Amino acid sequence: MVSFDTIRSAADAEVDVGIRIYALAARLFPICRSITGDGVRETLHVLAQQIDLTQREVPTGMQVLDWTVPQEWNIRDAYIKNGAGRKVVDFADHNLHVLGYSMAVHRTMPLSELKSHIYTLPEQPDLIPYRTSYYSEQWGFCMAHNALLELEDGEYEVLIDAEKSDGHLTYGEYFHKGQSDRDVLLSAHICHPSLANDNCSGLALLACLARAMRSRKTRYNYRFLFAPGTIGALTWLASNEDKISRIDHGLIVSCVGDGGGPNYKRSRRGNAVIDQAMQYVLGLEGRRGTIQDFSPYGYDERQYCSPGFDLPVGLFQRSAFGTFPQYHTSADNLDFISPENLASSYRMIMEVIDVLEMNWTPVNLFPKGEPQLGRRGLYSALGGDKAAGETAMGYLWVLNLADGNHSLLDIAQRSGMSFRDIARAAKLLLANGLLAEAES
(Lines give C-alpha, C1' and ligand atoms only; values in the text may rest on other atoms or scores of the structure.)
Protein backbone atom coordinates (compact mmCIF):
# COMPACT_ATOMS: atom_id res chain seq x y z
CA MET A 1 0.00 0.00 0.00
CA VAL A 2 1.26 3.49 -0.88
CA SER A 3 1.76 5.52 2.28
CA PHE A 4 0.37 9.00 2.88
CA ASP A 5 3.94 10.33 3.06
CA THR A 6 4.65 8.92 -0.40
CA ILE A 7 1.54 10.56 -1.81
CA ARG A 8 2.41 13.84 -0.13
CA SER A 9 6.00 13.68 -1.40
CA ALA A 10 4.78 13.07 -4.95
CA ALA A 11 2.35 15.98 -4.70
CA ASP A 12 5.06 18.24 -3.26
CA ALA A 13 7.41 17.25 -6.08
CA GLU A 14 4.79 18.15 -8.68
CA VAL A 15 4.12 21.53 -7.09
CA ASP A 16 7.87 22.13 -6.92
CA VAL A 17 8.44 21.42 -10.61
CA GLY A 18 5.59 23.76 -11.52
CA ILE A 19 7.11 26.53 -9.42
CA ARG A 20 10.53 25.98 -11.01
CA ILE A 21 9.12 26.10 -14.54
CA TYR A 22 7.12 29.24 -13.73
CA ALA A 23 10.16 30.94 -12.19
CA LEU A 24 12.21 30.22 -15.31
CA ALA A 25 9.40 31.48 -17.58
CA ALA A 26 9.30 34.66 -15.48
CA ARG A 27 13.03 35.19 -16.07
CA LEU A 28 12.55 34.79 -19.82
CA PHE A 29 9.45 36.98 -20.07
CA PRO A 30 11.07 40.48 -20.14
CA ILE A 31 13.64 39.61 -22.81
CA CYS A 32 12.97 41.10 -26.25
CA ARG A 33 13.39 38.14 -28.58
CA SER A 34 12.97 37.85 -32.33
CA ILE A 35 14.10 35.35 -34.96
CA THR A 36 17.68 36.60 -34.61
CA GLY A 37 19.69 38.91 -32.38
CA ASP A 38 20.98 39.48 -28.90
CA GLY A 39 17.62 38.71 -27.30
CA VAL A 40 17.84 35.13 -28.55
CA ARG A 41 21.38 34.81 -27.21
CA GLU A 42 20.35 36.24 -23.83
CA THR A 43 17.49 33.74 -23.68
CA LEU A 44 19.82 30.85 -24.49
CA HIS A 45 22.22 32.10 -21.81
CA VAL A 46 19.43 31.87 -19.22
CA LEU A 47 18.46 28.38 -20.42
CA ALA A 48 22.12 27.32 -20.32
CA GLN A 49 22.09 27.90 -16.58
CA GLN A 50 19.69 24.94 -16.37
CA ILE A 51 21.27 22.52 -18.86
CA ASP A 52 24.48 22.07 -20.82
CA LEU A 53 23.14 23.88 -23.86
CA THR A 54 25.11 24.05 -27.10
CA GLN A 55 24.66 27.31 -28.98
CA ARG A 56 24.76 27.17 -32.78
CA GLU A 57 25.20 30.20 -35.03
CA VAL A 58 24.46 30.22 -38.75
CA PRO A 59 25.65 33.24 -40.77
CA THR A 60 23.44 35.73 -42.56
CA GLY A 61 22.95 34.80 -46.21
CA MET A 62 23.34 31.05 -45.77
CA GLN A 63 20.93 29.07 -47.93
CA VAL A 64 18.74 26.73 -45.87
CA LEU A 65 16.52 24.67 -48.14
CA ASP A 66 14.37 27.23 -50.04
CA TRP A 67 15.08 30.01 -47.53
CA THR A 68 17.99 32.32 -46.75
CA VAL A 69 19.13 33.22 -43.25
CA PRO A 70 18.13 36.88 -42.83
CA GLN A 71 20.10 39.75 -41.43
CA GLU A 72 20.31 39.98 -37.68
CA TRP A 73 17.97 42.46 -35.96
CA ASN A 74 18.71 44.29 -32.74
CA ILE A 75 16.84 47.13 -31.06
CA ARG A 76 18.03 49.58 -28.40
CA ASP A 77 15.16 52.02 -27.90
CA ALA A 78 11.85 53.19 -29.37
CA TYR A 79 9.18 55.72 -28.49
CA ILE A 80 6.53 58.13 -29.74
CA LYS A 81 6.59 61.61 -28.17
CA ASN A 82 3.82 64.18 -28.42
CA GLY A 83 4.36 67.88 -28.94
CA ALA A 84 4.91 68.41 -25.21
CA GLY A 85 7.74 65.87 -25.21
CA ARG A 86 5.78 63.22 -23.27
CA LYS A 87 6.23 59.62 -24.38
CA VAL A 88 2.85 58.24 -25.36
CA VAL A 89 4.42 54.92 -26.45
CA ASP A 90 7.62 53.62 -24.87
CA PHE A 91 9.45 50.44 -25.82
CA ALA A 92 10.90 50.40 -22.29
CA ASP A 93 7.40 49.81 -20.92
CA HIS A 94 6.62 46.79 -23.10
CA ASN A 95 8.59 45.28 -25.95
CA LEU A 96 5.40 44.45 -27.87
CA HIS A 97 5.15 48.20 -28.57
CA VAL A 98 7.47 47.85 -31.58
CA LEU A 99 6.71 45.99 -34.78
CA GLY A 100 9.10 43.04 -34.74
CA TYR A 101 12.02 43.48 -37.17
CA SER A 102 11.05 47.10 -37.70
CA MET A 103 13.30 49.35 -39.75
CA ALA A 104 15.01 52.21 -37.97
CA VAL A 105 13.27 55.57 -38.07
CA HIS A 106 13.67 59.01 -36.44
CA ARG A 107 11.22 61.57 -37.75
CA THR A 108 8.62 64.12 -36.79
CA MET A 109 5.23 63.73 -38.47
CA PRO A 110 1.56 64.59 -38.06
CA LEU A 111 -0.76 62.14 -36.34
CA SER A 112 -2.57 61.48 -39.62
CA GLU A 113 0.63 60.06 -41.13
CA LEU A 114 1.70 58.28 -37.94
CA LYS A 115 -1.55 56.35 -37.71
CA SER A 116 -0.67 54.32 -40.82
CA HIS A 117 2.28 52.90 -38.87
CA ILE A 118 0.34 52.00 -35.71
CA TYR A 119 -1.28 48.61 -35.11
CA THR A 120 -4.08 48.12 -32.59
CA LEU A 121 -6.86 45.69 -31.70
CA PRO A 122 -10.16 47.60 -31.88
CA GLU A 123 -12.02 44.51 -30.65
CA GLN A 124 -9.67 44.28 -27.61
CA PRO A 125 -9.07 47.99 -27.09
CA ASP A 126 -7.03 47.78 -23.88
CA LEU A 127 -4.47 45.28 -25.20
CA ILE A 128 -1.25 45.69 -27.19
CA PRO A 129 -1.05 43.36 -30.21
CA TYR A 130 2.01 41.36 -31.23
CA ARG A 131 2.97 42.04 -34.86
CA THR A 132 6.08 41.31 -36.93
CA SER A 133 7.55 42.21 -40.30
CA TYR A 134 10.38 39.71 -40.68
CA TYR A 135 10.78 39.68 -44.44
CA SER A 136 9.60 43.12 -45.58
CA GLU A 137 11.02 46.60 -45.04
CA GLN A 138 8.55 48.35 -42.73
CA TRP A 139 8.52 50.27 -39.49
CA GLY A 140 5.76 50.50 -36.98
CA PHE A 141 4.42 50.56 -33.43
CA CYS A 142 1.77 48.58 -31.57
CA MET A 143 -0.42 50.07 -28.86
CA ALA A 144 -3.76 49.75 -27.11
CA HIS A 145 -6.58 51.05 -29.30
CA ASN A 146 -8.02 53.16 -26.48
CA ALA A 147 -4.63 54.83 -26.07
CA LEU A 148 -4.59 55.61 -29.80
CA LEU A 149 -8.03 57.23 -29.56
CA GLU A 150 -6.71 59.54 -26.85
CA LEU A 151 -3.97 60.99 -29.07
CA GLU A 152 -4.61 64.57 -30.11
CA ASP A 153 -3.87 65.99 -33.53
CA GLY A 154 -0.43 67.48 -33.82
CA GLU A 155 3.18 66.66 -34.54
CA TYR A 156 4.80 63.59 -33.01
CA GLU A 157 8.44 62.56 -32.75
CA VAL A 158 8.95 58.89 -33.58
CA LEU A 159 12.12 56.96 -32.85
CA ILE A 160 13.00 53.32 -33.47
CA ASP A 161 16.67 52.84 -32.71
CA ALA A 162 17.15 49.45 -34.37
CA GLU A 163 19.41 47.97 -36.98
CA LYS A 164 19.58 45.08 -39.37
CA SER A 165 23.09 43.89 -40.08
CA ASP A 166 24.96 40.84 -41.25
CA GLY A 167 25.31 38.52 -38.30
CA HIS A 168 23.88 35.15 -37.35
CA LEU A 169 20.77 33.16 -36.68
CA THR A 170 21.22 31.50 -33.29
CA TYR A 171 19.62 28.40 -31.79
CA GLY A 172 20.33 26.07 -28.90
CA GLU A 173 20.49 22.29 -28.57
CA TYR A 174 20.71 19.87 -25.68
CA PHE A 175 21.43 16.20 -26.34
CA HIS A 176 20.66 13.45 -23.84
CA LYS A 177 22.40 10.19 -24.76
CA GLY A 178 20.40 7.00 -24.51
CA GLN A 179 21.29 3.37 -25.02
CA SER A 180 20.23 3.14 -28.68
CA ASP A 181 20.92 5.11 -31.83
CA ARG A 182 17.27 6.21 -32.14
CA ASP A 183 16.13 9.75 -31.31
CA VAL A 184 13.21 11.66 -29.84
CA LEU A 185 13.00 15.33 -30.88
CA LEU A 186 11.50 17.90 -28.48
CA SER A 187 11.29 21.43 -29.88
CA ALA A 188 10.10 24.87 -28.73
CA HIS A 189 10.21 28.18 -30.61
CA ILE A 190 12.33 30.89 -29.06
CA CYS A 191 11.37 33.94 -31.16
CA HIS A 192 8.39 35.46 -29.33
CA PRO A 193 8.98 38.44 -27.01
CA SER A 194 7.13 38.82 -23.70
CA LEU A 195 4.42 36.29 -24.44
CA ALA A 196 4.22 34.05 -21.38
CA ASN A 197 2.17 31.18 -22.75
CA ASP A 198 3.44 31.47 -26.31
CA ASN A 199 6.19 30.58 -25.69
CA CYS A 200 8.07 31.28 -22.46
CA SER A 201 6.07 28.37 -21.07
CA GLY A 202 7.34 25.92 -23.68
CA LEU A 203 10.96 27.05 -23.40
CA ALA A 204 10.94 26.82 -19.60
CA LEU A 205 9.15 23.47 -19.51
CA LEU A 206 11.53 21.83 -21.98
CA ALA A 207 14.58 23.20 -20.16
CA CYS A 208 13.31 21.77 -16.84
CA LEU A 209 12.41 18.51 -18.57
CA ALA A 210 15.90 18.25 -20.07
CA ARG A 211 17.39 18.94 -16.64
CA ALA A 212 15.34 16.11 -15.13
CA MET A 213 16.37 13.73 -17.93
CA ARG A 214 20.06 14.10 -17.08
CA SER A 215 19.84 11.55 -14.26
CA ARG A 216 17.65 9.12 -16.16
CA LYS A 217 18.89 6.12 -18.14
CA THR A 218 16.88 5.96 -21.33
CA ARG A 219 16.53 3.73 -24.35
CA TYR A 220 16.23 6.69 -26.74
CA ASN A 221 18.45 9.69 -27.31
CA TYR A 222 16.59 12.95 -26.65
CA ARG A 223 17.28 16.04 -28.76
CA PHE A 224 16.01 19.29 -27.25
CA LEU A 225 15.85 22.16 -29.72
CA PHE A 226 15.29 25.83 -28.86
CA ALA A 227 15.09 27.66 -32.19
CA PRO A 228 13.29 30.55 -33.89
CA GLY A 229 9.98 29.59 -35.50
CA THR A 230 10.03 28.49 -39.14
CA ILE A 231 13.50 29.75 -40.17
CA GLY A 232 15.10 28.13 -37.11
CA ALA A 233 13.49 24.74 -37.73
CA LEU A 234 14.38 24.95 -41.42
CA THR A 235 17.97 25.82 -40.55
CA TRP A 236 18.20 22.89 -38.14
CA LEU A 237 16.73 20.50 -40.71
CA ALA A 238 19.12 21.72 -43.42
CA SER A 239 22.08 21.29 -41.06
CA ASN A 240 21.07 17.84 -39.80
CA GLU A 241 19.77 15.92 -42.79
CA ASP A 242 22.19 13.10 -41.94
CA LYS A 243 20.43 12.66 -38.55
CA ILE A 244 16.82 12.90 -39.72
CA SER A 245 16.39 9.17 -40.35
CA ARG A 246 17.17 8.47 -36.67
CA ILE A 247 14.15 10.39 -35.36
CA ASP A 248 11.44 7.94 -34.31
CA HIS A 249 9.24 10.38 -32.37
CA GLY A 250 8.91 14.14 -31.99
CA LEU A 251 6.90 16.79 -30.19
CA ILE A 252 6.50 20.54 -30.55
CA VAL A 253 5.74 22.18 -27.18
CA SER A 254 3.95 25.53 -27.01
CA CYS A 255 1.26 27.30 -24.97
CA VAL A 256 1.54 24.86 -22.06
CA GLY A 257 0.99 27.19 -19.10
CA ASP A 258 -2.71 28.10 -19.25
CA GLY A 259 -5.69 26.14 -17.95
CA GLY A 260 -7.24 25.11 -21.27
CA GLY A 261 -7.18 21.85 -23.16
CA PRO A 262 -5.04 19.85 -23.30
CA ASN A 263 -4.81 19.73 -27.10
CA TYR A 264 -2.74 17.58 -29.42
CA LYS A 265 -2.34 17.86 -33.18
CA ARG A 266 -1.32 14.63 -34.88
CA SER A 267 1.71 14.27 -37.09
CA ARG A 268 1.25 14.21 -40.86
CA ARG A 269 1.40 10.41 -40.70
CA GLY A 270 -1.70 10.45 -38.52
CA ASN A 271 -1.04 7.21 -36.66
CA ALA A 272 2.60 7.42 -35.62
CA VAL A 273 3.55 6.02 -32.23
CA ILE A 274 3.79 9.58 -30.83
CA ASP A 275 0.19 10.16 -31.99
CA GLN A 276 -0.97 6.99 -30.25
CA ALA A 277 1.00 7.76 -27.09
CA MET A 278 -0.41 11.28 -26.83
CA GLN A 279 -3.94 10.02 -27.45
CA TYR A 280 -3.50 7.43 -24.70
CA VAL A 281 -2.09 9.91 -22.16
CA LEU A 282 -4.66 12.61 -22.93
CA GLY A 283 -7.41 10.03 -22.63
CA LEU A 284 -6.53 8.95 -19.09
CA GLU A 285 -9.17 9.38 -16.40
CA GLY A 286 -10.01 12.99 -15.58
CA ARG A 287 -8.45 14.48 -18.71
CA ARG A 288 -10.55 15.91 -21.47
CA GLY A 289 -7.90 16.00 -24.13
CA THR A 290 -8.75 17.00 -27.68
CA ILE A 291 -7.02 15.26 -30.59
CA GLN A 292 -6.89 17.14 -33.87
CA ASP A 293 -5.85 15.84 -37.25
CA PHE A 294 -2.76 17.28 -38.91
CA SER A 295 -3.02 20.48 -40.93
CA PRO A 296 -0.19 22.38 -42.65
CA TYR A 297 -0.83 25.48 -40.52
CA GLY A 298 0.58 26.00 -37.06
CA TYR A 299 4.05 25.86 -35.56
CA ASP A 300 7.20 24.02 -36.61
CA GLU A 301 5.44 20.68 -37.05
CA ARG A 302 4.77 22.14 -40.53
CA GLN A 303 8.49 21.96 -41.30
CA TYR A 304 9.23 18.59 -39.68
CA CYS A 305 6.14 17.07 -41.33
CA SER A 306 6.75 18.54 -44.79
CA PRO A 307 6.63 15.75 -47.42
CA GLY A 308 10.39 15.69 -47.97
CA PHE A 309 10.96 14.85 -44.29
CA ASP A 310 7.58 13.49 -43.08
CA LEU A 311 8.84 13.08 -39.53
CA PRO A 312 6.53 11.71 -36.81
CA VAL A 313 6.23 15.05 -35.00
CA GLY A 314 3.06 16.31 -33.33
CA LEU A 315 2.11 19.51 -31.48
CA PHE A 316 1.20 19.55 -27.77
CA GLN A 317 -0.56 22.57 -26.23
CA ARG A 318 -3.06 23.45 -23.53
CA SER A 319 -5.26 26.00 -25.32
CA ALA A 320 -4.64 25.72 -29.05
CA PHE A 321 -2.89 28.66 -30.70
CA GLY A 322 -5.22 31.35 -32.00
CA THR A 323 -8.20 30.15 -29.96
CA PHE A 324 -7.74 32.07 -26.69
CA PRO A 325 -8.32 35.84 -26.44
CA GLN A 326 -4.90 36.47 -24.88
CA TYR A 327 -3.11 34.97 -27.91
CA HIS A 328 -0.52 37.33 -29.42
CA THR A 329 -1.48 40.20 -27.14
CA SER A 330 -0.13 41.86 -24.01
CA ALA A 331 -2.70 39.82 -22.02
CA ASP A 332 -0.50 36.77 -22.57
CA ASN A 333 1.43 37.73 -19.47
CA LEU A 334 2.67 35.97 -16.37
CA ASP A 335 -0.79 36.15 -14.78
CA PHE A 336 -2.15 34.01 -17.62
CA ILE A 337 0.04 31.01 -16.79
CA SER A 338 0.36 29.17 -13.48
CA PRO A 339 2.71 26.71 -11.76
CA GLU A 340 -0.17 24.22 -11.46
CA ASN A 341 -0.89 24.18 -15.18
CA LEU A 342 2.80 24.05 -16.06
CA ALA A 343 3.25 21.09 -13.70
CA SER A 344 0.29 19.32 -15.28
CA SER A 345 1.71 19.83 -18.78
CA TYR A 346 5.11 18.63 -17.60
CA ARG A 347 3.57 15.49 -16.12
CA MET A 348 1.69 14.67 -19.33
CA ILE A 349 4.83 14.97 -21.45
CA MET A 350 6.75 12.85 -18.95
CA GLU A 351 4.01 10.21 -19.16
CA VAL A 352 4.35 10.20 -22.95
CA ILE A 353 8.10 9.72 -22.56
CA ASP A 354 7.43 6.81 -20.20
CA VAL A 355 5.21 5.20 -22.83
CA LEU A 356 7.83 5.68 -25.55
CA GLU A 357 10.54 4.23 -23.31
CA MET A 358 8.55 1.16 -22.22
CA ASN A 359 6.82 0.42 -25.51
CA TRP A 360 8.03 -2.50 -27.63
CA THR A 361 6.55 -5.14 -29.91
CA PRO A 362 6.42 -8.66 -28.41
CA VAL A 363 6.37 -12.05 -30.14
CA ASN A 364 4.76 -15.01 -28.38
CA LEU A 365 7.21 -17.93 -28.33
CA PHE A 366 4.37 -20.37 -27.51
CA PRO A 367 1.65 -19.13 -29.87
CA LYS A 368 -0.32 -22.39 -30.19
CA GLY A 369 -2.76 -22.29 -27.33
CA GLU A 370 -2.00 -20.70 -23.99
CA PRO A 371 1.29 -21.56 -22.30
CA GLN A 372 0.98 -22.92 -18.78
CA LEU A 373 1.45 -19.91 -16.54
CA GLY A 374 0.87 -21.67 -13.21
CA ARG A 375 3.99 -23.80 -13.32
CA ARG A 376 6.02 -20.69 -14.02
CA GLY A 377 4.61 -18.96 -10.93
CA LEU A 378 2.70 -16.40 -12.98
CA TYR A 379 -0.76 -17.31 -11.68
CA SER A 380 -1.75 -16.68 -8.10
CA ALA A 381 -2.45 -19.89 -6.18
CA LEU A 382 -5.42 -18.24 -4.45
CA GLY A 383 -8.68 -17.81 -6.34
CA GLY A 384 -10.81 -14.67 -6.00
CA ASP A 385 -7.87 -12.29 -5.71
CA LYS A 386 -8.98 -9.26 -7.78
CA ALA A 387 -5.46 -7.89 -8.25
CA ALA A 388 -4.22 -11.31 -9.32
CA GLY A 389 -7.11 -11.54 -11.76
CA GLU A 390 -6.17 -8.21 -13.37
CA THR A 391 -2.54 -9.32 -13.60
CA ALA A 392 -3.63 -12.57 -15.25
CA MET A 393 -5.70 -10.63 -17.79
CA GLY A 394 -2.59 -8.64 -18.64
CA TYR A 395 -0.72 -11.88 -19.34
CA LEU A 396 -3.53 -13.18 -21.52
CA TRP A 397 -3.91 -10.01 -23.56
CA VAL A 398 -0.18 -9.74 -24.18
CA LEU A 399 0.19 -13.38 -25.16
CA ASN A 400 -2.82 -13.26 -27.46
CA LEU A 401 -1.74 -10.12 -29.35
CA ALA A 402 2.00 -10.80 -29.30
CA ASP A 403 2.14 -11.71 -32.96
CA GLY A 404 4.86 -9.25 -33.92
CA ASN A 405 2.32 -6.77 -35.27
CA HIS A 406 1.06 -5.22 -32.03
CA SER A 407 3.12 -3.03 -29.71
CA LEU A 408 2.44 -2.88 -25.98
CA LEU A 409 0.66 0.42 -26.59
CA ASP A 410 -1.53 -1.25 -29.21
CA ILE A 411 -2.35 -3.99 -26.70
CA ALA A 412 -3.19 -1.50 -23.95
CA GLN A 413 -5.54 0.36 -26.25
CA ARG A 414 -7.19 -2.81 -27.54
CA SER A 415 -7.60 -4.32 -24.07
CA GLY A 416 -8.67 -1.18 -22.26
CA MET A 417 -6.09 -1.92 -19.57
CA SER A 418 -3.52 0.61 -18.38
CA PHE A 419 -0.28 0.76 -20.31
CA ARG A 420 1.74 0.26 -17.14
CA ASP A 421 -0.13 -2.97 -16.33
CA ILE A 422 0.41 -4.28 -19.85
CA ALA A 423 4.09 -3.30 -19.77
CA ARG A 424 4.53 -4.98 -16.38
CA ALA A 425 2.88 -8.18 -17.63
CA ALA A 426 5.05 -8.22 -20.75
CA LYS A 427 8.20 -7.72 -18.68
CA LEU A 428 7.37 -10.76 -16.54
CA LEU A 429 6.48 -12.87 -19.57
CA LEU A 430 9.77 -11.87 -21.22
CA ALA A 431 11.71 -12.78 -18.06
CA ASN A 432 10.05 -16.21 -18.03
CA GLY A 433 11.00 -17.01 -21.61
CA LEU A 434 7.50 -16.72 -23.07
CA LEU A 435 8.14 -13.65 -25.22
CA ALA A 436 10.79 -12.23 -27.49
CA GLU A 437 11.08 -8.72 -28.92
CA ALA A 438 10.14 -8.42 -32.58
CA GLU A 439 12.91 -7.39 -34.91
CA SER A 440 12.60 -3.75 -35.99
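Residue numbers start at 1 and run along the sequence shown. The structure displayed is predicted, hence computed values, not measured ones.
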Gap separating the CZ atom of R33 from the OG1 atom of T43, nearest 0.5 angstrom: 4.0 Å
Carboxylate-amine/guanidinium proximity below 4.0 Å for K265 and D293: no
Any side-chain donor near an acceptor of the partner, N74 and E72, under 3.5 Å: yes
Test log, rule side-chain contact (heavy atoms from CB on, under 4.5 Å), inputs F316 and V256: CA-CA 8 Å; F316 174 69; V256 289; 3.8 Å; yes
Separation between CD of Q55 and NE2 of H45, rounded to the nearest 0.5 Å: 10.5 Å
Side-chain heavy-atom pair L434, L378 within 4.5 angstrom cut-off: yes
Heavy-atom closest pair, residues D198 and H192: O-ND1, 3.1 Å
Any donor-acceptor N or O pair under 3.5 Å, side chains N341, S338: yes
Where D332 and N197 come nearest, the two heavy atoms and their spacing: OD1-N, 2.6 Å
Heavy atoms of other groups near D242 CG, more than 12 under 6.0 Å: yes
Between CG on residue L44 and CD1 on residue I31, distance to nearest 0.5 Å: 9.5 Å
Under 3.5 Å side-chain donor-acceptor pair for R56 and S239: no
Side chain to side chain contact (heavy atoms under 4.5 Å, CB included) partners for S215, two or more places apart: none
Between Q138 and R131, a side-chain donor and acceptor under 3.5 Å: no
Mutual orientation of the aromatic rings belonging to Y222 and F224 [parallel < 30°, tilted 30-60°, perpendicular > 60°]: tilted
Closest contact, heavy atoms only, P193 versus L96: O-CD2, 3.5 Å
Heavy-atom side-chain contact between N95 and F29 under 4.5 Å: no
Derivation of the side-chain contact (heavy atoms from CB on, under 4.5 Å) call for F324 and C255: CA-CA 10 Å; F324 51 96; C255 302; 4.0 Å; yes
Separation of L206 CG from S187 OG (nearest 0.5 Å): 8.0 Å
Test log, rule salt bridge (charged side-chain N to carboxylate O under 4.0 Å, His left out), inputs R266 and E301: CA-CA 9 Å; R266 298 180 187 274; E301 71 280 359; over 6 Å; no
Distance in Å, Q124 CD paired with H328 NE2, rounded so as to fall on 0.5 Å steps: 12.5 Å
Nearest non-hydrogen partners of A277 and L409, listed with the distance: N-CD2, 3.5 Å
Check: W67 ring centroid to Y135 ring centroid under 6.0 Å: yes
Distance-only polar pair, side chains of T36 and H168, donor-acceptor under 3.5 Å: no
Closest heavy-atom pair and its distance - S330, H94: CB-NE2, 3.9 Å
Residues, nucleotides or ligands: over 12 heavy atoms within 6.0 Å of R246 CZ: yes
Lys/Arg cation over aromatic Y101: K164, 6.0 Å, 45° cone: no
Lys/Arg-Asp/Glu bridge criterion (N-O < 4.0 Å) met for D16, R20: yes
Between Q303 and W236: side-chain donor-acceptor atoms closer than 3.5 Å: no
side-chain contact (heavy atoms from CB on, under 4.5 Å), paired with L342, selected from L24, D258, I21: I21
Salt bridge flag under 4.0 Å for residues R216 and D354: yes
Distance, nearest 0.5 Å, that separates SG of C208 from CD1 of I19: 12.0 Å
Y299 vs T230 side-chain heavy atoms within contact, under 4.5 Å: no
Worked check of side-chain contact (heavy atoms from CB on, under 4.5 Å) between Y395 and I422: CA-CA 8 Å; Y395 296 146; I422 290 296; over 6 Å; no
Listed partners of Y220 passing side chain to side chain donor-acceptor pair (under 3.5 Å), at least two apart: H249
Sub-4.5 Å side-chain heavy-atom contact between R318 and M348: yes
Ring centres under 6.0 angstrom apart (Y171, F226): no
R376 charged N/C atom sitting above F366 aromatic ring, 6.0 Å / 45°: yes
Check: S165/Q71 side-chain N/O donor and acceptor closer than 3.5 Å: no
Residue pair Y297, F321: steps toward the ring-ring contact (aromatic ring centres under 6.0 Å, His included) verdict: CA-CA 11 Å; Y297 180 74; F321 67 88; 5.7 Å; yes
Atom of F336, atom of A331 and distance for their closest heavy-atom approach: CB-O, 3.8 Å
Side chains of C305 and L311 in contact at under 4.5 Å (non-hydrogen atoms): no
CA sep, side-chain torsions, deciding dist, call: R287, E351, salt bridge (charged side-chain N to carboxylate O under 4.0 Å, His left out): CA-CA 13 Å; R287 292 178 182 156; E351 288 174 8; 2.7 Å; yes
Set of residues satisfying side chain to side chain donor-acceptor pair (under 3.5 Å) with respect to E123, sequence neighbours excluded: none
Check against side-chain contact (heavy atoms from CB on, under 4.5 Å), L209 and M350: CA-CA 8 Å; L209 187 72; M350 270 299 196; 3.4 Å; yes
NZ (K217) with more than 12 external heavy atoms under 6.0 Å: no
